[in-house]
Enquirer: 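First the structure, then my questions, so here it is.
Everything numeric here is computed off the predicted structure, so don't read it as measured data.
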Amino acid sequence: MMENNKLQHYALPDVAQLKVHGRTTESRSPLTLFWTGSAVELNVTGTELWIEVDSKYEVYEPWISVLINNVVVSRQMLVHGRYWVCIFRGMNESVTKNVRIIKDTQAMSGDPGCSLQIHALKSDGVFQLVEDRSYKVEFIGDSITSGEGAIGAQAEEDWIPMWFSAIDNYTAMTAEALHADYRVISQSGWGVMTSWDNNPNANIPQYYDQVCGLLTGEMNEALGAHSPHDFNAWQPDVVVVNLGSNDGGAFQTPEWTDPNTGIAYKQRLNADGTYHGEDVAKFEQAAYQFLIQLRRNNTKAHIVWAYGMLGFPMMPAIYRAVDIYMKETGDRNVSVIQLPNTTSETVGARTHPGMLSHKRAAETLTEHLKGILHHS
């Protein structure tokens, strides 16, 4: 085998030109990638590039996708351990390659032993500055936004990291179309107020002010997951909220009993199958409060509530919550958009939106956002 003796070793902090995507801590030795779509991006010359990863898990292994010049060239499971992964080799040394190494899997609240870190790089090339894109967009959501089922055959039913994609995902597609840098805050099964199975602790707003507060266990705490997030460091132009699917689902699932208190929680149905008014009102209140919280942290952003890829039973309640919020605060920088529903043609694995559904959603959302961004 030909050994490349020109490879230089770089600890991550030594590469000033490295661009980090996604919420994380200040640490670059090593860098922790917490959320879906979190990434490192590089412009580099040379023939070869390696990256040193540290992948940990008890249950759910991390996956990455590698993009070179904006095209996915590989996707892989990162088995347990600290080791070097070759990103490319044998390329034209004088040509600059744009490289993005993206975490394909969500933050795993169900696995306290799961983490993905990057320690170092090896290359025979020169690192160059990565430009900021025109806009910054933050996406907040559930399994849809985590890209659950966006990859894999329709027949797949296993809940495993393999069927999560940050790429075949309306977040990546919308960001690409808008020429935006983006971040994702999402968790399968979670809602504005409650999870799909009526657990009131599984709501995004409760953890939104932390780096990645929904992660559990001592390891993640030590990595800084529960630290307050520095909102000033990255102020988005747009915040997209795609929540409500699981809050709606909770009306159809059995009650959840808190093992610590014995209290049972349930989004109730009326005898005729309609949603109980009190419970819908609680959802509206939670949505209203989240809008207040979002505005407090993202002062200039346009907030758009985008919903409807897996049915839209909560749509009237979302409209009312946004309406009340706008009336009471005078904040006009908010909108609501219904995304195209997933069909038998566009469905993916695990009865979730497939790539085609994500594509349709991205087109609808992009049109909406272009109108807003070009007027602001």
Side-chain angles (χ1 to χ4, degrees), residues 36 106-107 109-110 138-149 159 170-171 184-209 213-214 239-258 263-270 272-295 303-326 334-342 350-353 357 361 365:
T36 303
Q106 67 170 13
S109 62
E138 179 176 80
F139 296 91
I140 303 167
D142 48 39
S143 57
I144 298 171
T145 305
S146 286
E148 180 183 331
W159 199 93
Y170 80 93
T171 59
V184 178
I185 307 291
S186 64
Q187 193 68 188
S188 284
W190 287 40
V192 188
M193 184 177 87
T194 183
S195 67
W196 67 279
D197 58 354
N198 285 291
N199 179 348
N201 307 315
N203 74 80
I204 298 283
Q206 193 175 330
Y207 299 102
Y208 179 72
D209 291 4
L214 51 76
V239 174
V240 178
V241 185
N242 184 351
L243 286 169
S245 296
N246 291 305
D247 299 89
F251 285 94
Q252 314 294 342
T253 57
E255 67 179 29
W256 181 85
T257 305
D258 189 326
I263 298 170
Y265 296 86
K266 174 77 184 105
Q267 297 294 97
R268 295 164 294 175
L269 292 173
N270 295 319
D272 63 358
T274 55
Y275 291 178
H276 197 292
E278 277 174 34
D279 295 341
V280 173
K282 280 186 199 153
F283 168 82
E284 283 174 41
Q285 181 58 26
Y288 171 85
Q289 287 300 336
F290 192 35
L291 289 165
I292 301 267
Q293 183 182 3
L294 288 172
R295 177 56 73 219
I303 301 170
V304 54
W305 204 299
Y307 163 76
M309 289 168 75
L310 288 176
F312 29 88
M314 304 311 287
M315 205 65 187
I318 289 167
Y319 270 115
R320 285 193 298 268
V322 171
D323 200 43
I324 293 164
Y325 167 81
M326 288 171 82
V334 192
S335 61
V336 180
I337 182 172
Q338 186 167 312
L339 298 174
N341 201 1
T342 300
R350 292 191 39 77
T351 62
H352 272 69
S357 182
L365 187 55

Enquirer: For P200 versus N198, what's the shortest heavy-atom pair and its separation?
Expert: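 Here P200 and N198 meet closest at CD-O, 3.2 Å.
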Enquirer: Just so I know, are the side chains of Q293 and D209 near enough to count as touching, which here means a heavy-atom distance under 4.5 Å?
Expert: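 SC-SC contact between Q293 and D209 confirmed.
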Enquirer: If I compare all heavy atoms of A250 with all of S195, which pair ends up nearest, and what's the gap?
Expert: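 That would be CB-O, 3.5 Å.
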Enquirer: Quick one: does D247's side chain have a donor or acceptor within less than 3.5 Å of a partner on V192's backbone?
Expert: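 Yes, because the side chain of D247 sits within donor-acceptor range (under 3.5 Å) of the backbone of V192.
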Enquirer: Testing the basics here: between I144 and S245, what is the closest heavy-atom pair and its distance to 0.1 Å?
Expert: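 For I144 versus S245, the nearest heavy atoms are CD1-OG, 3.9 Å.
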Enquirer: I'd like to check T194 versus K282 (side-chain heavy atoms, cut-off strictly below 4.5 Å). Are they in contact?
Expert: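 SC-SC contact between T194 and K282 ruled out.
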Enquirer: Determine the minimum heavy-atom distance between G244 and Y307, stating which atoms define it.
Expert: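 Scanning both residues, the minimum pair turns out to be C-CE1, 3.6 Å.
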Enquirer: Just by distance, do the side chain of N270 and the backbone of D272 share a donor-acceptor pair under 3.5 Å?
Expert: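 Looks like no, no N/O pair under 3.5 Å.
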Enquirer: Are side-chain N/O atoms of N201 and N199 paired as donor and acceptor at under 3.5 Å?
Expert: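 Yes, N199 and N201 have a side-chain donor paired with an acceptor closer than 3.5 Å.
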Enquirer: Looking at CG of N341 and CG of L310, how far apart are the two atoms once the value is rounded to the nearest 0.5 Å?
Expert: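 Separation between the atoms: 7.0 Å.
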Enquirer: What distance separates D142 CG from I204 CD1, expressed to the nearest 0.5 Å?
Expert: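 Separation between the atoms: 8.0 Å.
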Enquirer: Checking Y275 now: which residues fulfil ring-ring contact (aromatic ring centres under 6.0 Å, His included) with it, not counting sequence neighbours?
Expert: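 Partners of Y275 under the ring-ring contact (aromatic ring centres under 6.0 Å, His included) test: F251.
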Enquirer: For E138 and I185: C-alpha separation, side-chain torsions, deciding distance, then whether side chain to side chain contact (heavy atoms under 4.5 Å, CB included) applies.
Expert: CA-CA 8 Å; E138 179 176 80; I185 307 291; 4.1 Å; yes
Enquirer: Do the ring planes of W190 and Y207 sit parallel (below 30°), tilted (30 to 60°) or perpendicular (above 60°)?
Expert: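 It falls in the tilted class, 30° to 60°.
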Enquirer: Would you check if Q106 and T36 make a side-chain contact, meaning some heavy-atom pair closer than 4.5 Å?
Expert: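 In contact.
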Enquirer: When rounded to the nearest 0.5 angstrom, what distance separates NE2 in H352 from OG1 in T342?
Expert: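 Atom-to-atom, H352:NE2 and T342:OG1 are 9.5 Å apart.
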Enquirer: On a heavy-atom basis, which atom in M193 and which in A286 lie closest, and how many Å separate them?
Expert: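 Looking at all heavy atoms of both residues, the shortest contact is CB-CB, 3.8 Å.
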Enquirer: Please examine the side chains of L294 and W305, heavy atoms only from C-beta on, and report whether any two atoms are closer than 4.5 Å.
Expert: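 When only atoms from C-beta onward are counted, L294 and W305 do not touch, as no gap falls below 4.5 Å.
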Enquirer: Do you know the tightest heavy-atom contact between M309 and P353?
Expert: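 Closest approach of M309 to P353, heavy atoms only: CE-CB, 3.9 Å.
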Enquirer: Under a 3.5 Å cutoff, is there a donor and acceptor pairing between the side chains of Q187 and S109?
Expert: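 Judged by distance alone, the side chains do pair up.
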Enquirer: How long is the straight-line distance from CG of L365 back to OG1 of T171, given to the nearest 0.5 Å?
Expert: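 Reported to 0.5 Å precision, the distance equals 10.0 Å.
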Enquirer: Run the side chain to side chain contact (heavy atoms under 4.5 Å, CB included) check on M315 and V336 step by step: do they pass?
Expert: CA-CA 9 Å; M315 205 65 187; V336 180; 3.5 Å; yes
Enquirer: Can you establish whether the number of heavy atoms outside W196 located under 6.0 Å from its atom CH2 is more than 12?
Expert: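 Open: at most 12 neighbouring heavy atoms sit under 6.0 Å from CH2 of W196.
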Enquirer: Under 4.5 Å between any side-chain heavy atoms of T145 and Y170, yes or no?
Expert: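 Counting from C-beta outward, T145 and Y170 do come under 4.5 Å.
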Enquirer: To the nearest 0.5 Å, how far apart are CZ in R295 and OH in Y325?
Expert: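 Rounded to the nearest 0.5 Å, the CZ-OH separation comes to 5.0 Å.
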Enquirer: Can you tell me how far apart CZ (R268) and CG (D279) are? Round to the nearest 0.5 Å.
Expert: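 The CG atom of D279 is 4.0 Å from CZ of R268, to the nearest 0.5 Å.
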Enquirer: Could you go through the side chain to side chain contact (heavy atoms under 4.5 Å, CB included) check for W159 and E148 one step at a time?
Expert: CA-CA 9 Å; W159 199 93; E148 180 183 331; 3.3 Å; yes
